[in-house]
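Just so it is clear: chains get the letters A, B, ... in the order the sequence lines come, proteins before strands, and each one is counted from 1. Fair warning: this is a prediction, and the values are worked out from it, not measured in the lab.
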Number of protein chains: 2
Amino acid sequence: MIPGPPPQRGPVMSDVAARAGVSHQTVSRVLNGHPHVSATTRTRVLAAIAELGYRRNLSARVLATGRSNVIGVVAQNTTLYGPSSMVQAIGEAALGADLSLTVGHVAGYDATAASRRIVERLVQQGAAGLVFIAPVDAAAEAMRLVPGGVPIVTVDGLPEWQSANVSVDQYTGGLLATRHLLEAGHRTVWHVAGPEPWHGSRAREEGWRAALAEVGAVAPPMPRAGWSAASGYQCGRMLARIPDCTAIFAANDHVALGIMRAMAEQGRRIPEDVSLVGFDDVPEAGYFHPGLSTVRQEFAEVGRQAVRLLLDQLATGTSSAESALVEPVLIPRATVAPPGNQEKA
Amino acid sequence: MIPGPPPQRGPVMSDVAARAGVSHQTVSRVLNGHPHVSATTRTRVLAAIAELGYRRNLSARVLATGRSNVIGVVAQNTTLYGPSSMVQAIGEAALGADLSLTVGHVAGYDATAASRRIVERLVQQGAAGLVFIAPVDAAAEAMRLVPGGVPIVTVDGLPEWQSANVSVDQYTGGLLATRHLLEAGHRTVWHVAGPEPWHGSRAREEGWRAALAEVGAVAPPMPRAGWSAASGYQCGRMLARIPDCTAIFAANDHVALGIMRAMAEQGRRIPEDVSLVGFDDVPEAGYFHPGLSTVRQEFAEVGRQAVRLLLDQLATGTSSAESALVEPVLIPRATVAPPGNQEKA
DNA sequence: GCCGAAATTGTGAACGCAAACATGCGTGCG
DNA sequence: CGCACGCATGTTTGCGTTCACAATTTCGGC
């Protein structure tokens with residue numbers, strides 16, 4: 001607890017009641033929109049509330065009712081485009097459903113300790129349900145701390161967790177990206193993968209492999225990047241020296257940016273010499289040099305689905321394992337072209 | 001409130017007490033680390049807690065004590081790099097200070113209605129203090145809803161709000177950026193400003209003007225962009241047609257990216273024909289083509305200062321108007337060069 | 001071996017609210 | 001004309017915790 005003087009308490013329900021000349025219960029009824037309150041009483045109470053600047057004490061309310069309309073979100077890496085968009089989307093969807101949102105931001109990549117703590121607090125606060133943005137396994141560990149009866153929805157979780165889950169169909173995303181490059185005429189497609197622990201990395205990789213398999217192409221070696229431009233650049237410096245490498249599917253847009261930079265430094269032009277597809281469609285992707293072809297994830301839809309699944313469980317009281325898949329869409333721009341002549345600068 | 005069956009309640013303190021063979025008060029003492037509890041009793045209580053999976057009810061605790069160790073953060077546009085970094089930084093700093101954080105994310109650019117609501121909820125939840133990430137005036141409106149006695153810290157707020165505030169010194173940032181271009185030999189520097197409502201936009205603009213004034217340079221007309229690459233691109237298309245425009249200070253890195261794209265399309269090379277400085281130092285700025293010279297804001301430091309100011313107020317019970325300024329630092333990369341020959345492609 | 005202080009534990013009340021139950025009044029119907 | 005029912009409102013109780021205070025035990029010094 002915070003040291004220091006206790007904050008002075010504001011007016012409470014009985015103050016309002018006294019001022020309006022009614023009982024506190026009538027005030028409660030007005031506040032909760034119960035029937036059987038006369039119009040005149042209601043306005044008197046409302047006036048008293050306004051005059052006193054009364055606001056009801058949520059803790060007392062939650063304590064008395066045993067329910068809260070707060071849902072918790074556990075998120076990591078919220079400076080990344082994907083997770084932050086997800087949180088934003090869930091927030092908007094929750095607002096629409098008249099739910100309040102408490103977001104527990106797990107700092108940094110070290111998830112375990114921090115997320116335990118955040119889950120603990122969310123549960124203690126009486127969150128009615130929890131959304132785990134769980135693109136890595138570490139997030140699942142904290143899920144076990146949640147007492148039974150509290151509904152959970154995961155985002156980007158794994159099927160074996162048996163939770164209600166909503167994911168972007170990253171497998172299909174990888175498929176779309178790779179097919180797009182293949183259809184441009186490339187013999188095969190290289191893939192710079194995302195970090196191994198992320199489920200999305202694995203799914204994109206599988207989509208890539210599947211697309212290659214469809215046309216009988218052999219999968220080239222697969223370098224692995226983080227999600228950053230810096231790591232994409234490192235991989236790109238290698239790939240730029242491989243003449244055969246004319247088509248690349250990058251783990252995400254920022255990795256693609258790093259690759260573009262590395263290619264440029266080696267004098268390999270995009271898309272004339274090397275075709276490239278990213279993932280995410282970050283807002284600035286269209287303004288890379290040249291505009292990046294990529295696969296967009298519909299985060300807003302993910303947020304809506306997550307809230308919907310949570311509300312379902314809340315309403316029925318059952319914990320379903322229903323899951324939703326959101327389809328990504330290919331955004332073709334300027335970084336894909338048929339394989340041309342391989343001229344070095 | 002959420003409809004549906006009320007969630008079943010877990011074990012409560014008296015359950016633990018019964019199991020451990022003590023009174024509920026002793027359990028409370030153990031939980032709160034009070035002195036005068038014998039070691040054997042403590043371990044018995046702890047064991048009972050573990051066996052029952054007991055977790056204390058925060059609502060009841062807050063109700064009884066009248067204080068919470070939760071601080072609220074009101075933030076907007078959390079998909080933008082700046083705000084999301086800020087939230088992250090505050091989160092880490094709060095964790096270090098053993099505070100819990102509840103983040104209210106205001107969706108989209110329409111701040112007013114949503115932030116009222118979020119503030120209302122944060123106050124009702126009994127937040128001990130509030131951090132407003134208030135880079136625009138709209139955020140200040142909601143500040144008035146906060147009852148007196150609840151400490152407030154603003155981030156990127158205005159002095160006239162009389163609140164404890166911490167800001168990045170964006171004026172100096174603008175100064176640094178402009179001087180850097182001037183020192184490279186440019187006669188004057190153009191500025192593509194950020195959105196008018198943002199305080200940071202205005203401060204950067206003033207820094208720019210001040211730097212120009214230092215050397216007696218006359219300020220060229222100032223186009224205004226949003227924070228996006230798209231709007232930077234629009235401005236850039238204009239600037240690219242102005243031969244005199246050889247040095248540009250962009251509102252932020254993404255705007256700079258849009259400008260780079262527009263310049264490239266017009267065949268104006270960076271930095272040979274046009275020098276460019278951005279703002280923010282987003283992680284991928286170094287991988288733009290070419291690497292973007294920019295001004296970095298130390299968000300982590302901002303977060304630490306914000307939490308420090310809040311704790312000060314919490315401890316003393318007074319609402320100070322102390323403020324902190326965090327100095328930005330210039331990151332020179334490849335987009336600034338002396339003015340050369342203006343050749344068109 | 002006894003007294004007082006310190007240590008340890010227990011008891012009752014209060015926090016602010018909502019739900020269940022109780023009350024008083026008017027009104028329609030037989 | 002009386003009875004039952006519905007409306008508007010008041011009273012009481014309990015949610016799970018902490019706090020103030022009371023009760024009991026332990027211990028050291030003389």
Side-chain angles (χ1 to χ4, degrees), chain A residues 1-3 5-45 48-49 52-69 123-126 128 147, chain B residues 1-3 5-45 48-49 52-70 123-126 147:
Chain A
M1 285 274 159
I2 297 169
Q8 72 269 33
R9 307 206 182 215
V12 300
M13 208 176 252
S14 55
D15 298 331
V16 174
R19 175 137 194 155
V22 298
S23 77
H24 66 120
Q25 175 60 352
T26 299
V27 177
S28 172
R29 276 192 270 258
V30 170
L31 247 23
N32 293 318
H34 284 192
H36 311 316
V37 177
S38 73
T40 58
T41 307
R42 183 189 312 278
T43 55
R44 267 223 312 285
V45 169
I49 288 175
L52 260 39
Y54 165 78
R55 42 237 309 170
R56 83 179 130 191
N57 182 318
L58 246 197
S59 297
R61 181 175 157 90
V62 170
L63 182 59
T65 58
R67 26 171 107 195
S68 75
N69 50 355
V123 169
Q124 287 186 2
Q125 274 184 2
Chain B
M1 286 277 158
I2 297 169
Q8 71 271 34
R9 308 206 181 213
V12 300
M13 208 175 253
S14 55
D15 297 332
V16 174
R19 174 135 196 156
V22 298
S23 78
H24 64 120
Q25 174 60 353
T26 300
V27 177
S28 173
R29 275 192 271 257
V30 170
L31 246 23
N32 294 318
H34 284 193
H36 308 318
V37 177
S38 73
T40 58
T41 308
R42 184 189 312 279
T43 53
R44 267 224 312 285
V45 169
I49 288 176
L52 261 40
Y54 166 79
R55 43 238 307 173
R56 85 177 128 194
N57 182 318
L58 248 194
S59 296
R61 181 172 156 92
V62 170
L63 180 60
T65 58
R67 29 173 108 193
S68 74
N69 51 353
V70 177
V123 169
Q124 288 185 2
Q125 275 185 1

Please state whether the base of D:dT9 and the side chain of A:His24 form at least one donor-acceptor pair under 3.5 Å?
no

Hey, does the side-chain of B:Gln25 have a donor or acceptor N/O within less than 3.5 Å of a partner on the base of D:dC19?
yes

Considering just the side-chain nitrogens and oxygens of [X], establish if one lies under 4.0 Å of OP1 or OP2 belonging to [N].
X       : N      : value
B:Ser38 : C:dA7  : no
B:Asn57 : D:dC15 : no
A:Thr41 : D:dT9  : yes
B:Thr26 : C:dG10 : yes
A:Thr65 : C:dA18 : no
B:Arg56 : D:dT17 : no

Is there a side-chain contact between B:Thr41 and B:Thr26 (heavy atoms, below 4.5 Å)?
yes

If we only count heavy atoms from C-beta on, is the A:Asn32 to A:Arg56 side-chain gap below 4.5 Å?
yes

Over how many whole Å does the gap from [X] atom [atom1] to [N] atom [atom2] extend?
X        : N      : atom1 : atom2 : result
A:Gln125 : D:dT17 : CD    : P     : 15 Å
B:Leu31  : D:dG16 : CG    : C1'   : 12 Å
A:Arg67  : C:dC17 : CZ    : P     : 19 Å
B:Arg42  : C:dT9  : CZ    : C1'   : 13 Å
A:His36  : C:dA20 : NE2   : P     : 14 Å
B:His34  : C:dA7  : NE2   : C1'   : 16 Å
B:Leu58  : D:dC15 : CG    : P     : 19 Å
B:Ile49  : D:dG16 : CD1   : C1'   : 14 Å

Contact nearer the 5' end of DNA chain C, comparing B:Val37 with A:Tyr54
B:Val37

For B:Leu63 and for B:Arg29, locate the closest nucleotide of DNA chain C by heavy-atom distance; then report the residue assigned to the nucleotide nearer the 5' terminus.
B:Arg29

Would you mind telling me which of C:dG10, D:dC15, D:dG16 lies closest to the side-chain atoms of B:Ser23?
C:dG10

Given 3.5 Å as the limit, does a donor-acceptor pair link the side chain of B:Ser68 with the main chain of B:Val62, or not?
no

Which atom names give the shortest non-hydrogen contact between A:Pro11 and A:Leu52, and what distance separates them?
CG-O, 3.6 Å

Residue pair B:Asn69 / B:Arg61, side-chain donor-acceptor N/O under 3.5 Å:
no

